[in-house]
**Student:** 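One structure, pasted below without further comment.
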Protein chains: 2
Amino acid sequence: MEPIKPTESELQILQVLWSLGQASVRQVNDELSKVRDIGYTTTLKLLQIMFEKKIVSRIEEGRYHLYEAAITEEATQQFLVDKFVDTAFRGSAMKLVMQTLGNHQASKEELDEIKKLIAQIEQNA
Amino acid sequence: MEPIKPTESELQILQVLWSLGQASVRQVNDELSKVRDIGYTTTLKLLQIMFEKKIVSRIEEGRYHLYEAAITEEATQQFLVDKFVDTAFRGSAMKLVMQTLGNHQASKEELDEIKKLIAQIEQNA
DNA sequence: ATTTATTTACGAAAATGTTCGTAGATAAAT
DNA sequence: ATTTATCTACGAACATTTTCGTAAATAAAT
């Protein structure tokens with residue numbers, strides 16, 4: 001696995017692809033348009049660039065293309081968190097955890113899940 | 001507080017300033033040079049730009065300038081986490097927490113601190 | 001006193017990312 | 001059949017960020 005560094009726009013598109021699974025340029029553009037102003041050919045160009053970079057794959061379905069994310073959401077998040085911890089938290093992942101926990105609403109269920117995860121980590125320690 | 005959006009390079013410089021407190025261009029450049037290749041005038045220019053944007057303040061000390069971060073590390077992290085959760089975790093802060101907890105080494109002390117924080121959140125719920 | 005080093009300011013090149021217009025091909029609509 | 005719509009490819013304009021060279025001022029060294 002090479003370290004892929006998607007740009008801001010590319011990430012937005014990946015999000016759409018991760019949620020749609022497989023999609024035409026039109027579909028991606030429609031989704032993206034809900035979030036921000038973007039022209040059809042801009043979306044197309046972005047997908048073409050991402051295809052060259054192999055961040056997405058595509059299959060020709062008749063005259064048009066169906067695109068699909070070529071990297072998983074988890075792997076990408078992992079990579080981004082690592083980088084983020086470095087650049088914004090001077091390397092301290094736990095500071096990031098604390099900061100996020102403290103400043104964002106968490107449901108009871110989520111807190112329970114986190115507690116469970118912590119218990120698990122403690123067991124394996 | 002306006003939403004400040006430091007660039008990658010600006011963040012690196014902020015980190016140096018947060019750790020040094022107050023520093024000359026020379027000092028900042030020396031620190032930054034440990035991390036990556038960068039010319040003196042590049043560092044200078046970056047600091048000048050950041051000064052215009054008011055992300056850093058400076059005082060004239062004789063012939064040279066002493067720079068200081070004008071925004072706190074915490075506020076910046078807060079802002080960056082919010083943005084990061086949106087762009088990389090489709091809005092789910094807790095997914096970010098779980099992902100980070102699961103993939104980074106945490107000491108017993110850190111885990112205890114996190115548990116304490118969770119207990120506190122549950123109390124105030 | 002003259003040279004050398006260090007500092008700030010500034011402009012502009014280089015690098016990177018984003019946006020879109022235009023052209024050509026094919027399908028759909030009239 | 002002709003027009004209209006939709007698709008891909010591609011180049012180039014635009015925007016943003018990064019980098020550094022050069023000049024002017026001042027201090028330090030010789």
Side-chain angles (χ1 to χ4, degrees), chain A residues 2-17 20 22-68 76 79-80 83 87-88, chain B residues 2-17 20 22-68 76 80 83-84 87-88:
Chain A
E2 325 89 90
I4 304 130
K5 203 204 158 250
T7 67
E8 202 70 16
S9 298
E10 288 172 348
L11 247 181
Q12 288 185 318
I13 287 193
L14 280 173
Q15 290 204 0
V16 172
L17 289 178
L20 292 187
Q22 198 177 57
S24 64
V25 180
R26 178 64 55 190
Q27 285 175 293
V28 173
N29 185 247
D30 285 351
E31 281 304 308
L32 214 49
S33 296
K34 293 178 187 167
V35 180
R36 67 175 177 108
D37 256 16
I38 190 166
Y40 178 85
T41 52
T42 303
T43 303
L44 171 65
K45 180 69 165 187
L46 284 172
L47 281 165
Q48 285 171 344
I49 291 171
M50 291 168 82
F51 177 68
E52 273 172 38
K53 292 191 195 171
K54 312 219 197 225
I55 319 184
V56 301
S57 64
R58 76 181 179 195
I59 55 171
E60 310 208 0
E61 186 71 35
R63 166 165 76 110
Y64 56 91
H65 294 156
L66 285 183
Y67 285 88
E68 195 168 12
T76 307
F79 172 76
L80 291 174
K83 208 171 62 82
T87 57
Chain B
E2 324 89 87
I4 304 129
K5 202 202 159 252
T7 67
E8 203 69 15
S9 298
E10 288 172 349
L11 246 181
Q12 287 185 318
I13 287 193
L14 280 172
Q15 289 204 1
V16 172
L17 289 178
L20 292 187
Q22 198 175 57
S24 65
V25 179
R26 178 66 54 190
Q27 285 175 294
V28 173
N29 185 247
D30 285 351
E31 281 303 309
L32 215 48
S33 296
K34 294 177 186 169
V35 179
R36 65 174 177 109
D37 257 16
I38 189 166
Y40 178 84
T41 50
T42 303
T43 304
L44 170 65
K45 180 68 167 189
L46 284 171
L47 281 165
Q48 285 171 343
I49 291 171
M50 291 167 81
F51 177 68
E52 272 172 39
K53 292 192 194 170
K54 312 218 196 224
I55 340 187
V56 301
S57 63
R58 76 182 179 195
I59 55 171
E60 311 208 0
E61 187 71 33
R63 167 164 75 109
Y64 55 93
H65 293 156
L66 285 184
Y67 286 87
E68 195 169 13
T76 307
L80 290 175
K83 208 169 65 79
F84 186 59
T87 57

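Heavy atoms only: backbone and side chains are in, while hydrogens, waters and symmetry mates are out. Keep in mind the model is a prediction, meaning the values are calculated, not measured.
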**Student:** Let me know the distance between CZ of R58(B) and P of dT7(C), rounded to the nearest Å.
**Tutor:**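 Rounded to the whole Å, the gap is 15 Å.
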**Student:** How long is the span from the CG atom in L47(A) to the OG atom in S9(A), to the nearest 0.5 Å?
**Tutor:**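 Output value for this atom pair is 11.0 Å.
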**Student:** Check whether any side-chain nitrogen or oxygen of R63(B) sits under 4.0 Å from OP1 or OP2 of dA9(C), and answer yes or no.
**Tutor:**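 Looking at the OP1 and OP2 atoms of dA9(C), neither is under 4.0 Å from any side-chain N or O of R63(B).
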**Student:** In Å, rounded to the nearest 0.5 Å, how long is the span from NZ of K34(B) to CG of N29(B)?
**Tutor:**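 Between K34(B) NZ and N29(B) CG, I get 11.5 Å after rounding to 0.5 Å.
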**Student:** Respond yes when some side-chain nitrogen or oxygen of S9(B) is under 4.0 Å from OP1 or OP2 of dT18(D), and no when none is.
**Tutor:**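 It does, given that an N or O in the side chain of S9(B) lies less than 4.0 Å from OP1 or OP2 of dT18(D).
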**Student:** Atom CD1 of I59(A) to atom C1' of dT8(D): distance rounded to whole Å?
**Tutor:**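 After rounding, the gap between these two atoms is 16 Å.
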**Student:** Compare side-chain N and O positions of T42(B) against OP1 and OP2 of dC20(D) and report whether any pair is under 4.0 Å apart.
**Tutor:**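 Result: yes.
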**Student:** Which nucleotide sits closest to the side chain of I49(B): dT18(D), dT19(C), dT22(D)?
**Tutor:**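 Taking heavy atoms from C-beta onward, the closest nucleotide is dT18(D).
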**Student:** Quick one: is R26(A) getting a side-chain N or O under 4.0 Å of the dC7(D) phosphate, OP1 or OP2?
**Tutor:**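 The answer is yes; a side-chain N or O of R26(A) sits under 4.0 Å from OP1 or OP2.
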**Student:** Let me know the distance between OH of Y64(A) and C1' of dA5(D), rounded to the nearest Å.
**Tutor:**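 In whole Å, dA5(D) C1' and Y64(A) OH are 15 Å from each other.
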**Student:** Whole angstrom is fine here: how far is it from OH in Y67(A) over to C1' in dT8(D)?
**Tutor:**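 Rounded to the whole Å, the gap is 8 Å.
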**Student:** Would you kindly check whether a donor in the side chain of K45(B) faces an acceptor in the base of dG11(C), or vice versa, at under 3.5 angstrom?
**Tutor:**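 It does, because a donor-acceptor pair links the side chain of K45(B) to the base of dG11(C) below 3.5 Å.
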**Student:** State which of dT18(D), dT7(C), dT18(C) makes the closest approach to the side chain of L46(B).
**Tutor:**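 My answer, after comparing the listed nucleotides, is dT18(D).
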**Student:** In terms of side-chain heavy atoms of Q48(A), which of dA9(C), dT18(D), dA9(D) is nearest?
**Tutor:**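 Within the option list, the nearest is dA9(D).
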**Student:** Let me spell it out: for each of S24(B) and T7(A), pick the nucleotide of DNA chain C with the closest heavy atom. Which residue's pick is nearer the 5' end?
**Tutor:**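 On the 5' side of the pair lies S24(B).
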**Student:** Write down the distance between CG (L44(B)) and P (dT18(D)), rounded to a whole number of angstrom.
**Tutor:**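 Result: 15 Å.
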**Student:** Has Y40(B) got a side-chain N or O lying under 4.0 Å from the OP1 or OP2 atom of dG21(D)?
**Tutor:**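 False: Y40(B) side-chain N/O out of range (4.0 Å or more) of dG21(D) OP1/OP2.
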**Student:** For a side chain to side chain contact (heavy atoms under 4.5 Å, CB included) with Y67(A), tell me which candidate from V28(A), V25(A), L20(A), V16(A) qualifies.
**Tutor:**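 Going through the options one by one, the only one that passes is V25(A).
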